[in-house]
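What you see below is based on every heavy atom in this structure, not just the backbone, and it leaves out hydrogens, waters and symmetry mates. Being a predicted model, the structure only gives us computed values, none of them experimental.
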Amino acid sequence: MRYEYNTIDKKWQKKWEEAHAFEAKTDTSKPKYFALVEFPYPSGQGLHIGHPRPYTAMDIISRKKRMQGYNVLFPLGWDAFGLPTENYAIKHQIHPAIVTKNNIAHFTEQIKALGLSFDWSREIDTTDPSYYKWTQWIFLQLFKKGLAYKKEMAVNFCTSCKVVLANEEVVGGVCERCGSEVVRKVKSQWMLKITEYAERLINDLEGLDFIERVKTQEINWIGRSEGAEVRFATTAGDDVIVYTTRPDTLFGATYMVVAPEHELVTKWKDQLKNFDEVEAYREEAARKSDFERTELVKDKTGVRLDGVEAINPVNGRQIPIFISDYVLSTYGTGAIMAVPAHDTRDWEFAKKFDLPIIEVVAGGDVQNEAFTDVETGIMTNSEFLNGLEVKDAKAKIIEFLTEKGIGVKKVNYKLRDWVFSRQRYWGEPVPLVNCEKCGWVALPEETLPLTLPEIERFEPTDDGESPLSKATDWVNTTCPCCGGPAKRETDTMPNWAGSSWYFLRYCDPHNNDALAAKEALDYWMPVDWYNGGMEHVTLHLLYSRFWAKFLYDIGVLSCKEPYLKRTAHGMILGENGEKMSKSRGNVINPEVVIAEYGADGLRLYEMFIGDFEKSAPWSQASIKGCKRFIDRVAGLTDLVKGEGVTQKLESSFHKTIKKVTEDIDSMKFNTAIAAMMSLVNEIYEVGTLTRDELRTLITLLCPFAPHISEEVNEFLGYTDILSLAAWPTYDEAKTKDDTVEIAVQVCGKLRGTVVVAANATREEMIAAAKADEKIKPFIDGKTVIKEIAVPGKLVNIVVK
RNA sequence: GCGGGCGUGGCGGAAUGGCAGACGCGCUGGUCUUAGGAACCAGUGGUUCACCCGUGCAGGUUCGAGUCCUGUCGCCCGCACCA
């Protein structure tokens, strides 16, 4: 038979659907397995060739687990709130809900054409009020626990999207989404206290099966550091608290730097002789975008505060105070003690402003460069710390500072609270009202969902107000607390809100009384294996872990971590090795590929293309090899004779079953496919196989190429659905051959091979090697110094 | 600058410290064909061809190194004045 994919693909997709083959039932008699892919944002462009890679990978894992007897939950949904849809809606004057509906329809059709074993009965959509009801509910719980708060603050503002961005959404100083300039704007924003979970977000990574680069990236992003806060008195009377990770170098502090935004600078206005100059610098710093600030990294600038000096608490020495934008107002206390001898940035600044450099850790040449090594240095010029190692000096000075009440041990994080407001229409409304009397008041939970009002125009205003502010009928309401007049919050939630808990909804997607029933959550959670992109590590992954921990704290979830295992796929690049993009003209359309090679051809090639975790360039030529392989599998039906086991093929089958089983578990799909290709090549060499053997082969192939496997199965006369059949098992003993060909080396160089019994002893192997005609010339007349034999592998004879 | 990763044929890529280049693409020759951009068969790292040389480069450990160690060069990704 042949692979007529045009008809076969559709035929089996329909059969699976009619049989509800992949719908997960809560069945406690079987072990559960929750496999998760990141649900897509249904963009107007339709499916990208990159989408099927992680989907197929997790589909293979899900299908195999299902065949191995697990109760598998493998769902999909739509992360459908967001800017591109809204921008499209504005441009074409179509309601974003309609745009979303159309995009989802298109995506659904394209994804279904891949034959993935998703449980479509659990499909969810973050823009559906019955879904975002629960997003709002979670927000209310955060609000009630004091983890959501509104704050006037300088935020990142994208000049093109006209919207506020979270720190995680600013990449390299520009907007992560559109690449436009990001400026600082002071706005009143809802914030979520993710920082309160910083410690747990780091500590609980331990023991999770996350790939290492994901763990390190999360840890670095959270950026924990240990140090001390130290109080410096000033000649102005106010104290300045600085944060330092090197309290041991306190005796080397020769000046102080505070952030331009530091509040004391304004307070000291009358005491500063050069306040005009100071003010000018502050204005300049405020005007700079993040991008400009990072561009100017190397060139330190600053202004000395003329009229106020700080006093080093350990030696009473007066030191000058500067403002400089190399000190950030948002980290630590916004003030530092500068130790130019042992900090690179302070050293650069000191050189530029001609400030003294005092060595307090011996071991370097501090006049020529900062000595920052904490491992080898010995304290000097530091009175009672002299002679100590850095690590001991740290402990001693902290003890000293604490005793004197001038300092305290302190842990800091780079992680900032999550800016949760967006001045956009297409997002979840914030279920709060602002009452003149009562302040911010939560809507009663039974009134949720608070749905989006119908409005005419979706554009945000130039001054950054949400389009919802124009819906006055909706905005003006009554306070649920006192009944007086109140106004609704007009900002909406960021698109990361709906995706922060979507996997929980899959457990019980149609529940109207809770985000999911406790029993369903307890049964399915945590997710056993979650695959997604590296670009989400410091965004979605961190946010959703935070929400899961919060839900654990309030008793909704029974697990502390939502995901047991996390892997990440590599990108599929264009044929030229560059990232695929319209502007580069190297985009491959999955629909076109399916039309030419069938769903199985695409699936197989996406898995065969290379190491799953690495990027790989697409090749229009290479995909042919996968199509040929499928055709050759279909062609095996012509070679079927009889039942049972073919002697010559038996061990090959056992080896292949073992290899494919193991490789799927470690995501080595490319070598699993290679093993099946080798087996097929061998069958063609033998020239015949049995019906049972072909059934085994297509069972192995089924997770990768389910359509052709089902078709061959039916052709062979089987009446079951192969996708639900039992996964083949292997006999370890039968994966071994009776005889093995071993390499024979003389002095470590390969000189030949000999065939020996698989269970041959070392002595037998060496004897066989020495007896070989090709080996003799290399050892005859020489003294054997050493003989090494590795069973099943090689013999190495060392001669002189 | 810091953190992570990677350098293997013409290409994508394989190799628990044990026969480097599995598997696939491409290429060469052949079979069959009116035809071949189909299918099938054979071959395919280099070479001065029983030797020898080959995993970015230079050393080291080892009976044996693509794999481990040290140094070095190059590339990719993330973070980036976080005190």
Pick out the pairs of N or O atoms, protein on one side and nucleotides 38-46 of chain B on the other, that lie under 3.5 Å.
from  : atom 1 : to     : atom 2 : distance (Å)
B:A39 : OP1    : A:R628 : NE     : 3.4

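Candidate nucleotides B:G13, B:C52, B:A83 were compared by shortest atom distance to the side chain of A:L328, and B:A83 ranks first. Checking B:C23, B:A83, B:C81 against the side-chain heavy atoms of A:T245 singles out B:A83 as nearest. Listed candidates were B:G78, B:G18, B:G12. Nearest to the side chain of A:I788 is B:G18. Closest approach to the A:R751 side chain among B:C52, B:C63, B:A83 is made by B:C52 (side chain taken as heavy atoms from C-beta onward). Nearest to the side-chain atoms of A:S678 among the listed nucleotides B:C23, B:U16, B:C63 stands B:C23. With B:C25, B:C19, B:C52 as the candidates, the nucleotide lying closest to the side chain of A:K749 is B:C52. Nearest nucleotide to the side chain of A:T244, out of B:A83, B:A22, B:G3: B:A83. With B:A83, B:G24, B:C19 as the candidates, the nucleotide lying closest to the side chain of A:I336 is B:A83. The side chain of A:I609 lies closest to B:G12, out of B:A83, B:C63, B:G12. Listed nucleotides: B:G64, B:A83, B:A14. Nearest to the side chain of A:N796: B:G64.
Between the CD1 atom of A:I742 and the P atom of B:C19 there is a distance of 12 Å, rounded to whole Å. For the pair A:D373 CG and B:G1 P, the computed distance is 17 Å after rounding to whole Å. Straight-line distance from the NZ atom of A:K414 to the C1' atom of B:C81: 11 Å, rounded to whole Å. Summarising the geometry, the separation between CG on A:L541 and P on B:G78 is reported as 17 Å, rounded to the nearest angstrom. Protein atom CD1 of A:I219 is 19 Å distant from nucleotide atom P of B:G78, rounded to whole Å. Between the C1' atom of B:C19 and the CD1 atom of A:I775 lies a distance of 12 Å, rounded to the nearest Å. Summarising the geometry, the separation between CD on A:E212 and C1' on B:G78 is reported as 15 Å, rounded to the nearest angstrom. Rounded to a whole Å, the CD1 atom of A:I211 is 17 Å from the P atom of B:C77.
Dashed line: the shortest gap from a side-chain N or O of A:Y326 to OP1 or OP2 of B:A83 is not under 4.0 Å. The side chain of A:K786 places an N or O atom within less than 4.0 Å of a non-bridging phosphate oxygen (OP1 or OP2) of B:C63. Within the structure, a side-chain polar atom (N or O) of A:K668 is placed less than 4.0 Å from OP1 or OP2 of B:A15. Between A:S622 and B:G26 there is no side-chain N or O to OP1 or OP2 distance below 4.0 Å.
Contact record, A:K414 with A:R416: O-NE, 3.0 Å, taken as the closest heavy-atom pair. Residues A:Y597 and A:K624 come closest through the heavy atom pair OH-CG, 3.9 Å.
Within the model, atoms CE of A:M379 and CD1 of A:I397 stand 8.0 Å from one another, a figure rounded to the nearest 0.5 Å.
A stem is defined here as three or more consecutive Watson-Crick or G-U pairs, each with both distances under 3.5 Å; for RNA chain B these stems are B:1-7 with B:73-79, B:10-12 with B:23-25, B:26-31 with B:39-44, B:56-60 with B:68-72.
Looking at heavy-atom distances under 4.0 Å, A:N220 makes contact with sugar-phosphate atoms alone, never a base. Counting non-hydrogen atoms under 4.0 angstrom, A:Q745 reaches a base of the nucleic acid. Note on A:T330: nothing from the nucleic acid sits closer than 4.0 angstrom, heavy atoms only. A:N681 comes within 4.0 angstrom of the backbone, heavy atoms only, and of no base. Using a 4.0 Å heavy-atom criterion, one finds that A:V798 contacts the sugar-phosphate atoms exclusively. Backbone-only engagement by A:S225 is indicated by non-hydrogen atom pairs under 4.0 Å involving sugar-phosphate atoms exclusively. Residue-level contact check: A:E741 touches the bases, meaning some heavy atom is under 4.0 Å from a base atom. Among the atoms of the strands shown, none is found under 4.0 Å from any heavy atom of A:D346. A:T753 comes within 4.0 angstrom of a base, heavy atoms only.
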For residues 784-800 of chain A, dump all side-chain donor-acceptor pairs below 3.5 Å to protein atoms at least two apart in sequence or in another chain.
from   : atom 1 : to     : atom 2 : distance (Å)
A:E787 : OE2    : A:K770 : NZ     : 2.4
A:N796 : OD1    : A:G748 : N      : 3.0

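Glycosidic torsion of B:C49 falls within 90° of 0, placing the base in syn. With its glycosidic angle more than 90° from 0, B:G7 is assigned anti.
Atom C1' of B:G66 sits at a distance of 41 Å from the matching atom of B:C81, rounded to the whole Å. Comparing the P positions of B:C23 and B:G3 gives an interatomic distance of 41 Å, to the nearest angstrom. Rounded to a whole angstrom, the distance from the P atom of B:C53 to that of B:A20 is 13 Å. Going from the C1' atom of B:U44 to that of B:C11 covers 14 Å, rounded to whole Å. Distance noted for atom C1' between B:C32 and B:C40: 8 Å (whole Å). When the P atom is used for both B:C6 and B:C68, the distance is 9 Å, rounded to whole Å. With both ends at atom C1', the span from B:G12 to B:G7 equals 15 Å, rounded to whole Å. Rounded to the nearest Å, the gap between the P atom of B:U55 and that of B:G46 is 15 Å.
Between A:F349 and A:Y255, the ring center distance clears the sub-6.0 Å criterion.
Taking a 6.0 Å sphere around NZ of A:K351, one finds it holds more than 12 heavy atoms contributed by other residues, nucleotides or ligands.
For the pair A:F232/A:L250, a side-chain contact is recorded, criterion being any heavy-atom separation below 4.5 Å from C-beta on. Side-chain contact check for A:K391 versus A:V374: every heavy-atom pair is 4.5 Å or farther apart. No side-chain heavy atom of A:T254 sits under 4.5 Å from any side-chain heavy atom of A:I357.
Using a 4.0 Å cut-off between a side-chain N of Lys or Arg and a carboxylate O of Asp or Glu, A:E732 and A:K658 qualify as a salt bridge.
Mapped onto RNA chain B by nearest heavy atom, A:M337 and A:G752 fall at different nucleotides, with A:G752 at the one closer to the 5' end.
Remark: the A:H540 side chain and the A:E38 side chain contain no N/O donor-acceptor pair separated by less than 3.5 Å. With no hydrogens or angles considered, a side-chain donor-acceptor pair links A:S652 and A:E682 at under 3.5 Å. Defined by atom type and a distance below 3.5 Å, a donor-acceptor pair is missing between the side-chain atoms of A:S225 and A:N412.
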Determine whether A:T244 and A:V339 satisfy the following criterion, side chain to side chain contact (heavy atoms under 4.5 Å, CB included), listing intermediate values before the conclusion.
CA-CA 10 Å; A:T244 178; A:V339 185; over 6 Å; no
